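Inspection log for the structure reproduced underneath, given as structure tokens.
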Amino acid sequence: MRMTRLFLRTLRDDPADAEVPSHKLLVRAGYVRRVAPGVYSWLPLGLKVLAKVERIIREEMDEIGAQEVRFPALLPREPYEATNRWTEYGPNLFRLKDRKGNDMLLGPTHEEMFTLLVKDLYSSYKDLPLSLYQIQTKYRDEARPRAGILRGREFIMKDSYSFDVDDAGLEAAYQAHRAAYVRIFDRLGFEYVIVKADSGAMGGSASEEFLAVSPTGEDTFVRSPGGYSANVEAVTTVAPDPVPYDGIPAAHAEQTPDTPTIDSLVDHLNAAFPRDDRSWEAGDTLKNVLVILRHPDGTREPLAIGLPGDREVDAKRLETQVAPAEVEPFEQKDFAAHPGLVKGYIGPGALGSESTTGIRYLTDPRIVDGTRWVTGADVQGSHVIDLVAGRDFTSDGTIEAAEVRAGDPAPDGSGPLELARGIEMGHIFQLGRKYAEVLDLKVLDQNGKLVTVTMGSYGVGVSRAVAAVAEYAHDESGLVWPRELAPFDVHLIVAGKDETVVAGAEQVYADLVGEGFDVLFDDRLGKVSPGVKFKDAELIGVPTIVVVGKGFVDGVVEVKDRSTGERRDVPLVDLVTALRD
RNA sequence: CGGGAUGUAGCGCAGCUUGGUAGCGCGCGCCGUUUGGGGCGGUGAGGUCGCAGGUUCGAAUCCUGUCAUCCCGACCA
């Protein structure tokens, strides 16, 4: 491709609406253009990269025997009504009506369509196992699209689904997909982690996410030096062993006026009740947080969560624990309904299903028998000291709702956890029979009996992958594509206006194309200085740059490696060999 | 949905405080010059100043409303 013909205009400045590197560079280098928030057009350069990502995915999916199909993005309402997702998806679903007034939607995901397709055509265990996939455009009307194509409202996704008669078959399909994903992400070339994910509302059992490690990622995950990694939601707390409490004095209530917050309480304790061994700390206090759970049937249930005073409740972790109920704040009217609760001084005495309030009381796993706490006395201006778990109070159970912090021990004993950010690139999980049951996907088994099919669901963000690669594959000059994804193999520059140099570059171009290289030839002459061409080449990010210039009279051209910056003169006759290395 | 910011030429921005012929850089066309790191000079094309209403002799500028976009958070297979 000649630069003088390529549909491209590079920009000297970063677009004002771009924040993250991939967004800035993909727009500046002419790969994509914004059409609407979260909606982008792919230009020739971008489309070539996208196609290469798709090719890798197709090869690996085909390799595990999955077959490609393609569903429409425009879908009728009915299948989504059957699974209740027409309602559940809420405002995130793009809805529209056809001329007859029938409801339609732009598909956010295709579990229903795949399930119904298999139901349409297959009816015997002999037809299984089966894996189908598609690479297709999805639509989700995100409340806040951001970061260019990293999180759009229209995006390209590979989604596949496995169909098996039994759990062993599902497990095998899951492992096959997992292995394929490992190969896909290895080939895409970025650093990633596989984390245990919360399968949450989707109702599956096993579920893992592939996260590209990147500070611009939206998902926080944890990992340990010993190799543990997980979503924050999936982290389980390492509970200490119970400790004996024989020598601990009896709990005693003390006056602690004006100490509604943990900080004010700790200050007061150190001033009024100093410890012999050390100062009081926030972690010595037991904080009791109240929320309201709204259950799917609409009922509201108060819930108290007891946790060490130096930790906050992590809203996401809490919601994962109480799903499908939703978490709402505990409001003034709720306090009014429970006069036994003294705001700011709530203690275990007023909590628990056996207590006067009857409010369910769940505690952090760290609060084991024998641990001693300072906590509210359920009296205005008073706290209890030396309150011992298991002796002075009990809870209705434990809950994983406290925030996870760097330095916390990994659940598998593999060392302290580190917090990092990642971009969700792939998600695999064992759906089980949820969709097959609602949509009545059954096959006859060996005994002629109807059995419900079990399914797996597996996704890769294809357009997101282009941006995710760009997130790390760049430097201060521009993009630096891995060879397998680059829009071209070679970026050829003619530097100079001398007729022999120009003619020479033309010849090199023809030769390289003849040898099978995909070459971008910057053949611009006239006012386009060599500096402009070098800058554009670095911005575009083709891995190898060949310059035909002043060395040409001596029969050499310059070969530059975009990623290392290394440049060397190569005799014209050796060029093809050098490029093949 | 909460908080913050911004809307002026294709892109990046100034002008607004203090109302008076709409500017700069890049990009684009043409002429000349230049050719190994976004060169120089000249000359052009291109703008309902987000939109609506108001104040005023006169509004990009002041007032009111509204829409949009971006960022943080909430949300999000």
Side-chain angles (χ1 to χ4, degrees), chain A residues 8-20 23-24 27-28 30 33-39 83 85 88-93 107-112 138 140-148 151-153 155 157-161 197-204 207-210 216 218-219 231 233 315-316 319 323 326-329 424-431 434-435 455-461 477-478 493-498 501-502 522 524-539 545 547-552 557-558 560 565 567 569:
Chain A
L8 172 71
R9 182 109 302 139
T10 58
L11 306 176
R12 191 180 290 239
D13 302 307
D14 286 333
D17 60 357
E19 200 70 21
V20 302
H23 187 195
K24 290 178 181 172
V27 172
R28 268 192 65 200
R33 295 295 296 173
R34 194 190 80 102
V35 171
V39 182
T83 55
R85 289 216 277 187
E88 276 178 10
Y89 241 96
N92 271 19
L93 193 62
T109 173
H110 281 72
E111 277 85 359
E112 287 85 350
K138 305 281 194 232
R140 294 181 195 173
D141 194 0
E142 301 274 356
R144 187 155 98 79
R146 72 182 95 180
R151 175 163 170 183
R153 296 192 294 170
F155 57 97
M157 187 177 197
K158 188 286 298 178
D159 51 328
S160 45
Y161 305 86
D198 149 50
S199 43
M202 296 297 287
S207 171
E208 290 170 291
E209 285 178 6
F210 290 70
T216 52
E218 300 182 82
D219 296 342
N231 241 337
E233 290 89 323
K316 279 190 173 181
E319 282 175 12
E326 291 178 14
V327 178
E328 295 179 359
E424 184 181 343
M425 294 308 312
H427 195 163
I428 54 178
F429 60 96
Q430 302 187 9
L431 265 185
K434 174 178 173 178
Y435 286 91
M455 295 170 58
S457 163
Y458 318 90
V460 173
S477 302
I493 289 175
V494 52
K497 61 168 186 180
D498 185 86
V501 171
V502 173
D522 194 343
R524 290 176 294 178
L525 297 172
K527 301 217 172 198
V528 182
S529 69
V532 172
K533 295 180 182 178
F534 294 143
K535 290 287 185 191
D536 273 346
E538 280 150 13
L539 181 59
I545 300 165
V547 184
V548 177
K550 55 189 182 186
F552 185 74
V557 295
E558 184 176 290
K560 293 205 279 192
R567 48 173 87 179
D569 285 335

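Just so we're clear, the structure is a prediction, and the values are computed from it rather than from any experiment.
- As judged by a 4.0 angstrom heavy-atom cut-off over every strand, K138(A) is placed among residues making no nucleic acid contact.
- When H23(A), R151(A), E19(A) are each tested for a side chain to side chain contact (heavy atoms under 4.5 Å, CB included) with R146(A), only one passes: R151(A).
- Spacing between U34(B) and G20(B) at atom P, rounded to whole Å, works out to 45 Å.
- Looking at heavy-atom distances under 4.0 Å, Y161(A) makes contact with a base.
- Below the 3.5 angstrom threshold, one finds no donor paired with an acceptor across the side chain of K527(A) and the base of G29(B).
- Between A16(A) and R567(A), the residue anchored closer to the 5' end of RNA chain B is A16(A), taking for each the nucleotide with the nearest heavy atom.
- Taking CD from E112(A) and OG1 from T83(A), the interatomic distance works out to 3.5 Å, rounded to the nearest 0.5 Å.
- To the nearest whole angstrom, the two C1' atoms, one in U6(B) and one in A14(B), are 15 Å apart.
- Across every strand in view, U48(B) sits unpaired, with no contact that passes the Watson-Crick or G-U test at under 3.5 angstrom.
- One atom, CG of L525(A), and another, P of G36(B), lie 14 Å apart when rounded to the nearest Å.
- In this structure, G526(A) reaches the bases: a heavy-atom distance under 4.0 Å links it to at least one base atom across the strands shown.
- Exactly one of V502(A), V501(A), V494(A) qualifies for a side chain to side chain contact (heavy atoms under 4.5 Å, CB included) with D498(A). That residue is V501(A).
- Nearest to the side chain of A495(A), among C11(B), G36(B), C71(B), sits G36(B).
- Searching all strands for a Watson-Crick or G-U wobble partner of A77(B) with both distances below 3.5 Å returns nothing.
- Contact check, R34(A) against C70(B): a side-chain N or O comes under 4.0 Å of OP1 or OP2.
- Between the side chain of T109(A) and the base of A77(B), at least one donor-acceptor pair of N or O atoms lies under 3.5 Å.
- As rounded to the nearest Å, A5(B) and C75(B) have P atoms that lie 24 Å from one another.
- For R12(A), no side-chain nitrogen or oxygen approaches OP1 or OP2 of C11(B) to under 4.0 Å.
- Note that CD1 of I545(A) is 8.5 Å distant from CZ of F534(A), once rounded to the nearest 0.5 Å.
- A22(B) and A59(B) have their P atoms separated by 12 Å, given to the nearest Å.
- The base-pairing partner of U35(B), taking Watson-Crick or G-U wobble contacts with both distances under 3.5 Å, does not exist among the strands shown.
- Side chain of E111(A), nearest nucleotide from G36(B), G37(B), A77(B): A77(B).
- The separation of A60(B) from U17(B), taken at their P atoms, amounts to 12 Å, rounded to a whole angstrom.
- Look at NZ on K158(A): it is 18 Å from P on A77(B), rounded to the nearest Å.
- The CG atom of L93(A) sits 14 Å away from the C1' atom of A77(B) (whole-angstrom rounding).
- Across U69(B) and C11(B), the matching P atoms stand 16 Å from one another, rounded to whole Å.
- The residue E218(A) sits apart from the nucleic acid: no heavy atom pair falls under 4.0 Å.
- Across every non-hydrogen atom of E142(A) and G152(A), the tightest pair is CG-O, 4.0 Å.
- Under the Watson-Crick and G-U wobble criteria, each requiring two contacts below 3.5 Å, nucleotide A5(B) is paired to U69(B).
- The shortest distance between side-chain heavy atoms of D141(A) and P91(A) does not fall below 4.5 Å.
- Closest-nucleotide positions on RNA chain B for R9(A) and G549(A) were compared, and the one nearer the 5' end corresponds to R9(A).
- A distance of about 25 Å separates the P atoms of G44(B) and C49(B), rounded to the whole Å.
- For the pair H23(A) NE2 and U69(B) P, the computed distance is 13 Å after rounding to whole Å.
- Of all nucleotides listed (G38(B), C11(B), A77(B)), A77(B) comes nearest to the side chain of R140(A).
- Atom pair D14(A):CG and G10(B):P shows a separation of 20 Å (rounding to whole Å applied).
- Side-chain atoms of R144(A) and base atoms of G3(B) include no donor and acceptor less than 3.5 Å apart.
- Salt bridge status for R85(A) with E111(A): present, with a side-chain N to carboxylate O gap under 4.0 Å.
- Here the P atom of nucleotide G4(B) and the CD atom of E19(A) are 18 Å apart, to the nearest Å.
- Nucleotide U61(B) has no partner under the Watson-Crick or G-U criteria, as no pair reaches both atom distances under 3.5 Å.
- Using N1 to N3 plus N6-O4 or O6-N4 for Watson-Crick, or N1-O2 and O6-N3 for G-U wobble, each under 3.5 Å, G27(B) pairs with nothing.
- With G36(B), C70(B), G25(B) as the candidates, the nucleotide lying closest to the side chain of P37(A) is C70(B).
- Nearest nucleotide to the side chain of K535(A), out of A77(B), G38(B), G36(B): G38(B).
- Residue contacts for A537(A): at a heavy-atom cut-off of 4.0 Å it reaches no nucleic acid atom on any strand shown.
- In this structure, the CG atom of N231(A) is 12 Å from the P atom of A77(B), given to the nearest Å.
- Taking atom CD on E233(A) and atom C1' on C76(B), their separation rounds to 11 Å, with Å as the unit.
- In this structure, D14(A) and R28(A) approach most closely via the heavy-atom pair OD1-CD, 3.0 Å.
- Residues M157(A) and V460(A) have side chains not in contact (no heavy-atom distance under 4.5 Å, counting atoms from C-beta outward).
- Pair check for U21(B) finds none; no Watson-Crick or G-U wobble contact set falls under 3.5 Å.
- For the pair R28(A) and C11(B), the criterion of a side-chain N or O lying under 4.0 Å from OP1 or OP2 is not met.
- G12(B) and U21(B) are spaced 26 Å apart, taking the C1' atom of each and rounding to whole Å.
- OP1 or OP2 of G73(B) has at least one side-chain nitrogen or oxygen of R146(A) nearer than 4.0 Å.
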